[in-house]
Amino acid sequence: MDDLAWAYAELRASRRGKHVRSFSYYHASLVAARPPVASFLAGLCSGFGGSFGDFNVVKLDARSRVSYLRYEDFDAPFPALLAARSCDIERRTCRLTNYADRRNPPILHRKELLLPSDDPRVAGAERLTRRLEARGAFADAKSIGTRAAWRRRLVDLGLAALVPLP
């Protein structure tokens with residue numbers, strides 16, 4: 001668990017990532033930019049029967065949990081979650097959840113925060129987030145975490161044409 005706290009601190013030091021409650025989310029490219037952290041997280045994933053290369057986002061809790069998340073095409077404005085390998089280090093348990101066939105999967109907002117600052121996708125994603133923020137799309141963020149709820153919010157605000165959703 002000390003190693004997990006170390007990895008968490010190393011990634012937090014990047015001043016990137018999306019931080020929600022006690023969790024922090026990072027794109028695999030940001031993790032890869034810190035080879036010792038990437039090696040540790042890849043080994044941990046392997047130890048739980050997974051392959052780090054199968055995921056594109058890591059969700060960390062410094063206490064005892066790490067999740068390896070696979071989102072659909074990260075170039076999509078708000079990619080849907082396809083799979084999650086959630087591991088509790090302290091309890092030595094792991095659960096794989098498949099979201100690919102769900103009609104209403106969770107989606108990712110503010111993805112620009114997860115990417116390295118020099119990633120070419122950051123500028124466009126930031127512009128889209130600012131435009132949607134200005135129109136109130138992120139008000140009451142707890143209610144827009146799934147594809148259907150997000151679509152409903154965009155339609156209600158007259159923004160559906162601005163953000164293509166499958």
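What you are looking at is a predicted structure, and each value in this text was computed from that prediction instead of being measured.
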Work out which heavy atom in [X] is nearest to a heavy atom in [Y]; give both atom names and the distance.
X    : Y    : result
A148 : N104 : N-OD1, 2.6 Å
C94  : R85  : SG-CG, 3.3 Å
A28  : F55  : CB-O, 4.2 Å
L82  : N98  : O-OD1, 3.2 Å
S29  : L115 : OG-CD2, 4.2 Å
A84  : L69  : CB-CD2, 3.5 Å

Would you kindly confirm whether [X] and [Y] end up in one hydrophobic cluster when ILVMFWY residues are joined by side chain heavy atoms under 4.5 Å apart?
X    : Y    : answer
L44  : L96  : no
V155 : L159 : no
V57  : V31  : no
L114 : L30  : no

### Query
Is the shortest side-chain N to carboxylate O distance from R110 to E133 below 4.0 Å?
yes

#### Entry: Pair R121 + D75: basic N to acidic O under 4.0 Å
yes

Report yes if the side chains of [X] and [Y] come closer than 4.5 Å at any heavy-atom pair, otherwise no.
X    : Y    : value
L108 : F74  : yes
S46  : F52  : no
T129 : E112 : yes
Y26  : S14  : yes
S117 : R16  : yes
Y68  : C87  : yes
V37  : L41  : yes
F138 : I144 : yes

About how many Å separate [atom2] of [Y] and [atom1] of [X], when rounded to the nearest 0.5 Å?
X    : Y   : atom1 : atom2 : answer
I89  : L4  : CD1   : CG    : 5.5 Å
T146 : L81 : OG1   : CG    : 12.0 Å
R70  : Y99 : CZ    : OH    : 12.0 Å
L60  : S24 : CG    : OG    : 7.0 Å

### Query
Have H19 and R12 got a donor and an acceptor in their side chains that come within less than 3.5 Å?
yes

### Query
Going by atom types only, do S143 and R153 share a side-chain donor-acceptor pair under 3.5 Å?
yes

Backbone N/O of [Y] and side chain of [X]: donor-acceptor pair under 3.5 Å:
X   : Y   : value
K18 : F23 : no
N56 : Y71 : yes
E72 : A80 : yes

### Message
Does the Lys NZ or Arg CZ of K59 fall within the cation-pi geometry relative to Y25 - under 6.0 Å from the ring centre and within 45° of the axis?
### Response
no

### Message
Here's one to test your reading of the geometry: is the NZ or CZ of R147 within 45 degrees of the ring axis of F78 and under 6.0 Å from its centre?
### Response
no

### Task
Go through L128 and L162 one step at a time and tell me if the side-chain contact (heavy atoms from CB on, under 4.5 Å) criterion holds.
CA-CA 9 Å; L128 179 58; L162 185 62; 4.3 Å; yes

